[in-house]
Amino acid sequence: MSPPSLIQTHPKLTGAAPIALSYELFPPRNAAAEESLWATIRELESTNPDYVSVTYGASGSNRSTAVALLNRLLTETTLRPLAHLTCVGNNAEELAEIISELLDHGVRGILALRGDLPKGASTAPQPGQLNYAQDLIELIRRVEQRRTALLCAGKVAIGVAAYPAKHPESPSEQHDVEVLLAKQRSGADFAITQVFFHPEQYADLLTRARRAGVTIPIVPGVMPLTSVRRLERLATLTGVEPAPALLEALGRADDDGERRRIGVRATVDLARAALDAGAPGIHLYTFNEHGAALDVLDKLQLLRPGRPALPRRTLAPA
Ligand code: FAD
């Protein structure tokens, strides 16, 4: 047996790990939404997140606005974007082309997803298609391999989805963990969770995943929910049951201010419980709004590295 390394005998050399911070944004649907999104981006930028993720619309319908937003983030801000990408809506050739395009623009992080199937579509694997997130991870790694020399400034970080509450199509929570392990084996570097409302669901996922051999970071995704309508819409979209107590409290609130306080408090409690369970970071689903997200951040007081303010990159004149 070899003697312990310097790092093992001096654990303080590596220091306490800071808590990762990231936000989710979606591409704007019109000019007014774009203007308000950019006000949000500037507010979020001032909190020095580790990355901001940009969603990819159902069936790839918003490909061009997603790419345009990623480009602006790269060229006009100090933020590092994580591009969501889904198998649904594109064939393998198109996906390889999109991955190449993202890498050419300077994106170095991709969240590899299957995407939600269109209503009524079969869940059975389709020949000639990428059927699972795992297939997309393997494709990203293949495109990356062909560009090794171009990427000497960094490897592509691949994130994947994880589910504290069972995925609606999955036979069991154990199956979800086996799928997560398969994604790790195919080359995933980290996972972000679907929304959840009960802290024990995240803690249980961590326990089950670690027991199964999943070693990648599993970052809890939390969403400040400040209206009953949004909570119900989210439940329909994700299949995640909203917490009855939160629904009731939001329903009883008299005005928007009280609803915001209730939503923020619930999110802070959930995030604190996840951190206590060992969460390596917090991913905030923002709905393209910064108010509630910044309230949550303010109350959480995360252990974050102090970073010197970076000069903002600006577009070169044409
Ligand atoms: P997969 O991991 O492929 O799983 C899909 C289903 O197939 C699961 O039921 C799983 O159990 C099963 N499965 C997986 N692999 C296998 C296998 N080898 N054999 C048998 N069964 C298998 N959707 C969007 O459209 N755009 C987005 O931008 C977006 N962003 C998201 C961000 C996060 C953080 C999360 C958690 C979800 C996001 N989604 C997004 C939703 C996501 O696309 C859906 O939850 C989708 O239904 C599953 O995607 P997945 O990547 O988990 O799929």
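Quantities reported herein were computed from a predicted structural model and do not represent experimental measurements. Counting convention: from 1, in listed order, for ligands and their atoms alike.
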(message) Could you tell me, atom by atom, which parts of ligand 1 come under 4.0 Å of a heavy atom of A161?
(response) 35 (C), 36 (C), 52 (O)
(request) Check each of L113, L180, D135, T86 against atom 29 (C) of ligand 1 and report the one with the nearest heavy atom. (result) L113
(message) Could you tell me, atom by atom, which parts of ligand 1 come under 4.0 Å of a heavy atom of Q134?
(response) 18 (N)
(message) With nothing but distance in play, are any N or O atoms of E24 less than 3.5 Å from an N or O of ligand 1?
(response) no
(request) Take L21 and T47, measure what side chain to side chain contact (heavy atoms under 4.5 Å, CB included) needs, and give me the verdict at the end. (result) CA-CA 9 Å; L21 171 67; T47 66; 4.2 Å; yes
(request) Identify, by atom number and element, the atoms of ligand 1 in contact range of G115, meaning under 4.0 Å from any of its heavy atoms. (result) 25 (O), 43 (O), 46 (C), 47 (O), 49 (O)
(request) Could you name the option among A133, P125, S53 that has the heavy atom nearest to atom 3 (O) of ligand 1? (result) A133
(message) For H283 together with Y285, are the ring centres under 6.0 Å from each other?
(response) yes
(message) I want to check a possible cation-pi pair here: R63 against Y56, using under 6.0 Å from ring centre and within 45° of the ring axis as the test.
(response) no
(message) Counting only heavy atoms, tell me which of L237, D116, D176 gets closest to atom 41 (C) of ligand 1.
(response) D116
(message) Quick check on Q174: does its CD atom have over 12 non-hydrogen neighbours (other residues, nucleotides or ligands) under 6.0 Å away?
(response) yes
(request) Run down the list F26, Y163, Y56 and name the one with the heavy atom closest to atom 52 (O) of ligand 1. (result) Y163
(request) Measure from atom 5 (C) of ligand 1 to every heavy atom in Q194, R114, H84 and give the option owning the shortest one. (result) R114
(message) With the threshold set at under 4.0 angstrom, would you say K183 reaches ligand 1 through any of its heavy atoms?
(response) yes
(request) Consider ligand 1: state whether an atom of it lies below 4.0 angstrom from any non-hydrogen atom of Y285. (result) yes
